[in-house]
Asks: 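A single structure is presented below for examination.
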Amino acid sequence: MAPQGQPTSVPDDGLTTRARRDRPLLIVHTGDGKGKSTAAFGLALRAWSQGWPVGVFQFVKSAKWRIGEERALGVLADSGEGGSVDWHKMGSGWSWVQGRVDPDGDPAAAAAEGWAQIRRDLAAETYRLYVLDEMTYPLHWGWLDVAEVVDTLRTRPGRQHVVVTGRRAPQELLDAADLVTEMTKIRHPMDAGQKGQRGIEW
C-alpha cells in the first residue's frame with residue numbers, strides 16, 4: 001500500500017482528492033550539496049516503473065561522458081517492462097568543478113537548442129516526466145531567458161511532471177515550483193582534495 005501523506009491544509013479550490021493527487025508538479029533540486037541529479041534520477045526510476053515515458057535532458061555535460069544512470073535507465077527502457085526513456089545531451093564539456101568550457105563548442109547555442117527541443121516536447125506532451133539536469137546553469141549565466149523558461153514550464157499542458165536540477169536556481173523558478181529541495185553541503189571529499197570516483201560521481 002502506498003504511503004498516505006496528510007496535507008497540512010486543504011485548499012478550497014473545488015478539486016476532488018483524485019484531481020489534487022494527479023496534479024502535475026514542477027520540482028527543483030538546488031543547493032551546493034551532492035545529490036540533486038541523483039534524486040531526480042530516482043524519480044525517473046519511479047516514473048519508468050509506472051510505465052511513464054521519461055525524457056532526460058542533460059545541460060552542460062559533454063555528450064562524450066557516460067554516466068551510470070544513463071546506462072541503467074537504458075537497460076530498463078529496453079527491457080519492455082516499464083516506460084520508455086530518451087536521453088538527450090546538450091553539453092560541450094563544461095564542468096562546475098573545473099570551471100571551463102570546451103573551446104570547440106558553443107555551450108550557449110547548445111543550451112538554446114536543447115531548450116527549443118524541450119519546448120517542442122512539452123507542447124506535444126511527449127513525456128510524462130522531464131528531467132532537466134543542470135538546467136539552472138544556463139539560466140544563471142543568461143544563456144536562456146529565465147522569464148520565458150518559467151512561463152513555459154508553468155503553462156505546460158497536460159499531466160507532465162518536470163524536475164530541474166543544479167546550483168543557483170533563479171528565484172523566479174523557485175517561486176513557480178511546487179516542490180523545492182535545497183541540498184546543503186556539510187562536508188564533501190572533494191574539499192579535502194579527493195577526486196570523483198566510479199559508482200559515486202558517475
Side-chain angles (χ1 to χ4, degrees), residues 24-45 47 52-65 67 69-70 73 85-102 105-158 160-183 185 201-202:
L25 299 177
L26 174 57
I27 302 167
V28 177
H29 297 165
T30 193
D32 290 338
K34 179 175 169 54
K36 297 177 289 293
S37 296
T38 304
F41 293 134
L43 286 175
L45 288 173
W52 295 359
V54 176
V56 177
F57 295 82
Q58 280 197 297
F59 288 82
V60 301
K61 284 196 173 122
S62 172
K64 298 175 184 176
W65 295 353
I67 65 170
E69 294 93 341
E70 178 184 4
L73 284 167
V85 181
D86 294 329
W87 203 284
H88 309 275
K89 297 181 183 181
M90 286 75 67
S92 57
W94 184 87
S95 165
W96 65 265
V97 175
Q98 297 170 343
R100 61 176 185 253
V101 174
D102 178 357
D106 185 345
E113 181 180 341
W115 171 241
Q117 182 59 51
I118 293 165
R119 288 186 61 187
R120 289 190 290 270
D121 284 327
L122 286 168
E125 299 183 45
T126 304
Y127 304 108
R128 186 75 186 275
L129 175 70
Y130 294 74
V131 177
L132 309 186
D133 189 37
E134 298 189 328
M135 188 179 179
T136 59
Y137 299 108
L139 292 170
H140 178 73
W141 296 325
W143 295 350
L144 300 175
D145 182 82
V146 173
E148 191 269 331
V149 167
V150 169
D151 183 64
T152 300
L153 294 178
R154 185 187 288 128
T155 61
R156 67 195 183 280
Q160 302 177 96
H161 300 278
V162 178
V163 56
V164 179
T165 75
R167 298 177 176 205
R168 297 184 290 276
Q171 190 61 49
E172 297 94 324
L173 179 62
L174 299 179
D175 291 343
D178 302 290
L179 172 61
V180 177
T181 299
E182 182 176 5
M183 309 292 189
K185 185 182 78 167
E201 270 74 38
W202 72 90

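Residues: numbered from 1 along the sequence shown. Worth saying up front: this structure is predicted, and the values here are computed from it rather than measured.
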Asks: Under the criterion side chain to side chain contact (heavy atoms under 4.5 Å, CB included), I'd like the reasoning laid out for I27 against L43: C-alpha separation, chi angles, the key distance, then a yes or no.
Replies: CA-CA 11 Å; I27 302 167; L43 286 175; 4.0 Å; yes
Asks: Between P24 and Q160, which heavy-atom pair has the shortest distance, and what is it?
Replies: CB-O, 3.3 Å
Asks: R128 versus H161: any side-chain heavy-atom pair under 4.5 Å?
Replies: yes
Asks: Indicate the ring-plane relationship of Y127 and Y130, choosing parallel, tilted or perpendicular according to the 30° and 60° boundaries.
Replies: perpendicular
Asks: Can you measure from CE (M183) to OG1 (T38) and round to the nearest 0.5 angstrom?
Replies: 8.0 Å
Asks: Is there a side-chain contact between L73 and V54 in this structure, where contact means two heavy atoms from C-beta onward sitting under 4.5 Å apart?
Replies: no
Asks: With rounding to the nearest 0.5 Å, note down the distance linking CG in L139 to CZ in F59.
Replies: 8.0 Å
Asks: Under the 3.5 angstrom rule, does the side chain of D178 hit a backbone N or O of L26 as a donor-acceptor pair?
Replies: yes
Asks: Starting from the C-alpha separation in whole Å, work towards a yes-or-no answer on side chain to side chain contact (heavy atoms under 4.5 Å, CB included) for V149 and L173.
Replies: CA-CA 8 Å; V149 167; L173 179 62; 5.6 Å; no
Asks: Any idea which heavy atoms bring A111 and W143 closest together, and the distance?
Replies: CB-CE3, 4.1 Å
Asks: Using the side-chain contact (heavy atoms from CB on, under 4.5 Å) rule, pick out the option among V146, V150, T30 that qualifies with P170.
Replies: V146
Asks: Would you confirm whether H29, through its side chain, and K36, through its main-chain N or O, come within 3.5 Å as a donor-acceptor pair?
Replies: yes
Asks: Kindly compute the distance separating OG1 (T126) from CD1 (I118), expressed to the nearest 0.5 Å.
Replies: 11.0 Å
Asks: At what distance, to the nearest 0.5 angstrom, does CG of L153 lie from CD of E172?
Replies: 12.5 Å
Asks: Please tell me if the side chains of Q58 and E69 come closer than 4.5 Å, counting only heavy atoms from C-beta onward.
Replies: no
Asks: Rounded to the nearest 0.5 Å, what's the gap from NZ on K89 to CG on D133? Could you check?
Replies: 10.5 Å
Asks: So does R168 get a backbone contact from the side chain of T136, meaning a donor-acceptor N/O pair under 3.5 Å?
Replies: no
Asks: Can you check whether V28 reaches L174 side chain to side chain, under 4.5 Å on heavy atoms?
Replies: yes
